[in-house]
Structures are given as structure tokens and as C-alpha cells.
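Naming convention: chains lettered A, B, ... in sequence-line order (proteins, then strands); numbering from 1 in each chain.
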4 protein chains.
Amino acid sequence: MINRVVLVGRLTADPDLRYTPNGVAVANFRIAVNRPFTNQQGEREADFLNCVIWRKQAENVANYLKKGSLAGVDGRMQSRSYENQEGRRVTVVEVQAESVQFLEPRGASGGGGSSQGGGYSQQQSSQSSGSGQQNRDSSNLNDDPFSDNGQPIDISDDDLPF
Amino acid sequence: MINRVVLVGRLTADPDLRYTPNGVAVANFRIAVNRPFTNQQGEREADFLNCVIWRKQAENVANYLKKGSLAGVDGRMQSRSYENQEGRRVTVVEVQAESVQFLEPRGASGGGGSSQGGGYSQQQSSQSSGSGQQNRDSSNLNDDPFSDNGQPIDISDDDLPF
Amino acid sequence: MINRVVLVGRLTADPDLRYTPNGVAVANFRIAVNRPFTNQQGEREADFLNCVIWRKQAENVANYLKKGSLAGVDGRMQSRSYENQEGRRVTVVEVQAESVQFLEPRGASGGGGSSQGGGYSQQQSSQSSGSGQQNRDSSNLNDDPFSDNGQPIDISDDDLPF
Amino acid sequence: MINRVVLVGRLTADPDLRYTPNGVAVANFRIAVNRPFTNQQGEREADFLNCVIWRKQAENVANYLKKGSLAGVDGRMQSRSYENQEGRRVTVVEVQAESVQFLEPRGASGGGGSSQGGGYSQQQSSQSSGSGQQNRDSSNLNDDPFSDNGQPIDISDDDLPF
DNA sequence: TTTT
DNA sequence: TTTT
């Protein structure tokens, strides 16, 4: 069924690169997309959208994008559901990116990040992309799957559909 | 900034139509979009995506779509953040639909719903669509903004950007 | 770079299935997409868009879609340029489909076509799809690449980027 | 019906701004979108797509974009058909842009153009955009509707659907 | 919690 | 919690 998302926005933080136990790279990043209209108070709001990308492109994203970088994303909307510590069922919606385009000119420093500059190149998914059933450690006190920085993720490669 | 979503899927339940205190119609509905690949167990999974549509189109959606109906949605991804009873900050991502296309042939009955059939017509947003800062009653025990069926929603029309 | 198209419309004719000399299937079809507004005369116009799809999906399209069928297309816009008999350079824009969704309910007969019914299934490109530099026979009197029905197409498989 | 296009690419020439007899601004521009794969010869090709935008945004495009500028386009595919001097019917496909995003950092000079720099701002269509039945002068020797620079276009405002 |  |  048709499921297509295209976004252009800026990273709100440096990307978070990890590896599955089998060595598959996966990067999470969040982009802020400014709305085309202002709210009742005359302020321009933004939407904050989590994105996931796999394999070689994940490493490229980690190497070339940082907080503040302008990037384009072409992918699919994906929903994922888990139970938090209060036993409440939480549904997370994120974008499974199939390709990411770096829109920062080469040598630009977009924000307060730490890595090297981008350069208008584009990453294309080899496969029609992945899945990302990130069955993170449920004993993790933090149930926001985008904030458990630091630890390796406990995805079995059996969960990956490629 | 570019923010574009196109989905085709089936309603998981009848749409939920409400009115703001000022009489603006707003419909919430969820669609299931089957993934183009199967998971490790060979099962075809789906993504469940919440959609919002405003005004005249909201009433059309409520009149012509029901549980099981096939529909196409063209819109934008929107994020919204609120605090639940545990004081935890929850971020909700939904699709602000700008237009909805009914893909059920006229007279078809897609599922177990209750309303009348669809018919391949399409609704187009007059304005570049709305917002949906649905600041629902915070005393509501249920903090899933898609499950507080029944009560009127307490959106001030001042919150609507059109 | 980002190049994304999503269409839902009806086939204006039966799909045209061919094979390259190396046996790669390619189907051309045209879909009519009704505009969301009416013109000055109050008539609803449509856009007529040529689409191309390769390999297994091409055969599925030929088998399950016919004139009048409702279909969804997810793909990329592609331009192609050739010289017509008058020596005039003509640019053709078509959609390279990466996936096609059949939106006709199983058993439905959409229009005046000839083949069997569709059925809500979807075809997904195995690769991030193809190209289609259809360097058709330039001695062909007809320089509309979508109307040279009948003859085999003279694409060398060397021209295919996969 | 669903008809959605999103592109990111670079202008192949300065935009062409004109006015209808009734004073409605319309800008034509062509963008080159690099393909995500290389051809048989290992070269990266591009698609060249004509875009049209109306009213206030047309003037912004003319003021802020020039040859070489990086831009994002969100719009619809539109087909238009006319007869050339040889009496041959020619179909043109172009993108009716609903919004254009300037992706060149402020002060950047993207290419060999002539006008001033862009600046990451975005133009949003007030209406769900326009049409563009650009019934150009049929006595014009050149039947490429994107190359008849210089003369005013003979669109009656009656042809505009807004 | 989920649609065919 | 957020980007320019």
C-alpha cells in the first residue's frame, strides 16, 4: 500500500549511530520541520520528527550530519508499539528513511554540533529499505526509544527484514 | 519547509467527528497501511497512522468512510506534545490531511462499520489545511487524544490557524 | 536528489507489455488523474501521465490492470529527450514507477478493457527501480514513444542500469 | 485524485517571470534533479523538469532563485497538449508548484546566474494553487512553451481557475 | 486496542 | 527536551 513521506528540515541533535549484535548499522536522528504558517500568537512552530536509517547510509548520516544540518528525507511512516513502565501502551511513529540528502553546502557548519561538514551528496538505500522493530531492552527505565543514548541496542538481526 | 505525506490504507474504525466550541468540524480517523514486505515470521505487518481533517471534509469523511473503508490521504506529518497523568511528556505524531480520497467503489461495504458507502469522490482542502493543537481537557483521565470518544473537544477556535 | 511522485488514477488504455532483447519485461501505461478543481467552464479536467514499470511488476500490471482500472503509483519523474522526424528535439516526461497498487476490488471490471480483474494487491520493486532510456527505433515513423504498439522495442540491455 | 510531486534540484537557468493581461504573475523555471544511480557508462544523469508557479510566489522565485540555485518543489504533475507548426500534437508535462523552498544559504551564489542570493525561506501557496493552461501564441515559431522568452503570454485570466 |  |  502507498506510504510515502518526504521531509526537509534541520537536525535537532547529532545523529545517534549504533550497531545490532550482528553488526548492522542503524542511525536515529530527529529533524525539525518548520510549519508554513504561524500560530495564533504569530509564532512559527515546527514539527519534530524521528527518523531511522540503516546500514551504509546510517554511517554516512553519522559522519556528515550534525545538530543543525539541513537534510532531506524520503521514506515511509512507520508505527511501533510498546509498553512503558506504567504498563501503558505507547505508540511511536517514526520515519523509516530510504534515502537522505545532505543539503548543507560542503564545508558549512550548520549548528552547535561536533562532526565534519556535509556536502550535497545523497545516500540511496540499496534495498527498498528496512524495518526497525527496535525491540529495545524493556528493562530500560527510559521508554523513549530515541533517548536511550549510550547503550548498544538489543535488536536481534532476526528481526531485520533483509 | 517540505513536509509531505501520502498514504493509502483502510480505516481501523469509524471516523470520530467532533466540533470545536465555535462549530468547526474536525474528524479523527486511523488507517492501517500494509507494509510491502513480510517480517521474519513471514507475516505482513501494517502501520497504524492517525489522521486529522477539518471543516467540510471532516463531515464528508464522517459520512462516507467507515471501518474498513479504503482511503487515500495527502497531507503533512505533525507532532504534538503533552504531559500524561504520570507527568511523562508524550509526543504524538499524526497526519494533518489536506485531502482525502474515497477509494471504495460506490455502494461497497468495506467492513464491519455502520455508515453508508463511499464512492471514489475526493475532498480537497480549501486552505492549505489546518493545525490541530487539540488541547483537549487536561483533566481527562485518558491521555490518548485518539480515544476520548464521546465528549466534545475543548479547542478554542483561537487555536486554529485559519 | 529527492524526486518523488505519487499518483492515483485510472488507466486510459490497456497496459502495453514488451520485452527487451534480453528478455526484461517493461510495461507502459497511461493514467488519468482528475484535477481537484474545475476549470473556467465548470468542467473537471484530468492530467494524463505516462508511466513505465519493469520486470515482474510489469507483467503483473499487464495481467491485472486494464483500461479503466484504478491504480496507485509511487515512483520518480523522469525526462527523456529525442529528435523527431522534423529534426525537432522533443522532451518526454514520464513516471518511472517503483511500485503500483491495484485499487480495483477483486472481480471488478473498471472500464472497456479486455483482461481479468484486479484485486487490491500491491507490487513492490525489488530494486530501487530502473531507468528506461527507451531508445526506440529512430526510423520509426511515429515519434510518440507511447504509441509504437506492436513492434519489439530496441533497447539494449546494456542501457538498463540494473 | 491523488497527484503529488516533491523535487529537490538546481535551476538550469534563471526563472522566467511574466504577467497575464490581468496582471497575475507566473514564473516558469526548470530544475535538474540528479538521479540516484549511474548509467551503463558510469555517468550520473539528471532529469530536467519544468515547473510553474503563480502569483506572489512567482515573484519571490524570480527574485531569489537564479541559475544554479538549489530549490525544493512541492506540487502536482500537470499535462498540457497543443499542436505544433507541423500539425503534430505535442503533450507537455510540467509541475504546478504549490510551494517552493529556497535551499541556498543566504548570500550563496549557486551558479552562473545573475540575480541576488536566496535564503532558506519558503513560499506557500495561498490557494491550493493554480492551473497554467498557457495557451501561448500558436503563431509562435517555437513550440517549446519553455523557450518563448521575451513576449508577454496570451493567457486570458478567464483561464485561471482561481 | 487495530484494516482487507 | 528541540533546528535556522
Side-chain angles (χ1 to χ4, degrees), chain A residues 1 3 7-15 29-35 44-51 65-71 73 79-83 87-91 103-104 108-113 142 144 146-147 149, chain B residues 1 3 7-16 28-35 44-51 65-71 73 79-83 87-91 103-104 108-113 142 144 146-147 149, chain C residues 101-107 118-122, chain D residues 101-107 118-122:
Chain A
M1 282 170 151
N3 180 339
L7 304 172
V8 171
R10 291 188 179 277
L11 292 238
T12 63
D14 289 355
F29 58 100
R30 179 154 17 211
I31 71 175
V33 184
N34 296 131
R35 296 187 181 163
R44 183 166 302 273
E45 292 180 272
D47 295 294
F48 298 94
L49 283 343
N50 292 325
C51 301
L65 294 181
K66 60 173 195 283
K67 183 180 179 185
S69 297
L70 189 70
V73 170
S79 68
R80 193 160 43 84
S81 187
Y82 65 97
E83 221 157 274
R88 191 188 288 285
R89 184 133 284 273
V90 179
T91 293
L103 293 168
E104 218 60 76
S109 84
N142 187 329
D144 175 358
F146 266 85
S147 67
N149 285 300
Chain B
M1 283 169 150
N3 180 338
L7 304 171
V8 172
R10 289 188 181 279
L11 293 238
T12 63
D14 288 356
D16 175 28
N28 288 316
F29 59 101
R30 178 151 21 208
I31 71 175
V33 184
N34 296 130
R35 296 186 181 164
R44 184 166 302 274
E45 293 180 271
D47 295 293
F48 298 94
L49 283 344
N50 291 324
C51 302
L65 293 181
K66 61 173 195 282
K67 184 181 178 186
S69 297
L70 190 68
V73 170
S79 67
R80 192 162 43 87
S81 188
Y82 65 97
E83 221 157 274
R88 191 187 288 286
R89 183 134 284 273
V90 179
T91 294
L103 294 168
E104 217 63 74
S109 85
N142 187 328
D144 175 359
F146 267 86
S147 66
N149 285 300
Chain C
Q101 185 180 8
F102 307 152
L103 294 167
E104 217 62 74
R106 194 170 294 283
Y120 285 145
S121 53
Q122 180 173 18
Chain D
Q101 185 180 9
F102 307 152
L103 293 168
E104 218 61 75
R106 194 171 293 283
Y120 284 146
S121 52
Q122 181 172 16

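- Here the straight-line distance linking atom CG of B/L7 with atom CG of B/L49 works out to 5.5 Å at 0.5 Å rounding.
- Between the CZ atom of B/F48 and the C1' atom of E/dT3 there is a distance of 7 Å, rounded to whole Å.
- The distance between atom CG of B/L7 and atom P of E/dT2, rounded to the nearest whole Å, is 20 Å.
- Remark: B/T12 engages B/R30, B/A32, B/F48 in a side-chain contact (heavy atoms from CB on, under 4.5 Å) (not counting sequence neighbours).
- Distances from the side chain of A/T12 to the nucleotides F/dT3, E/dT4, E/dT2 place F/dT3 closest.
- In this structure, B/R35 places its CZ atom 14 Å from P of E/dT2, rounding to the nearest Å.
- Of the candidates E/dT2, E/dT3, F/dT2, E/dT2 carries the atom nearest the B/R30 side chain, counting heavy atoms from C-beta on.
- Across the protein-nucleic acid pair, B/K66 atom NZ and E/dT4 atom P stand 10 Å apart, rounded to whole Å.
- In this structure, the CD atom of A/E45 is 14 Å from the P atom of F/dT3, given to the nearest Å.
- One can place CD of B/E104 at 9 Å from C1' of E/dT4, the figure rounded to the nearest angstrom.
- Regarding A/D47, its CG atom lies at a distance of 15 Å from the C1' atom of F/dT4, rounded to whole Å.
- Under the 4.0 Å criterion applied to side-chain N and carboxylate O atoms, A/E45 and B/R80 are not assigned as salt-bridge partners.
- The CD1-C1' distance, from B/I31 to E/dT2, rounds to 13 Å in whole Å.
- A heavy-atom distance below 4.5 Å is not found between the side chains of B/L11 and B/K66.
- Out of F/dT4, F/dT2, E/dT4, the shortest distance to the side chain of B/R10 is found at E/dT4.
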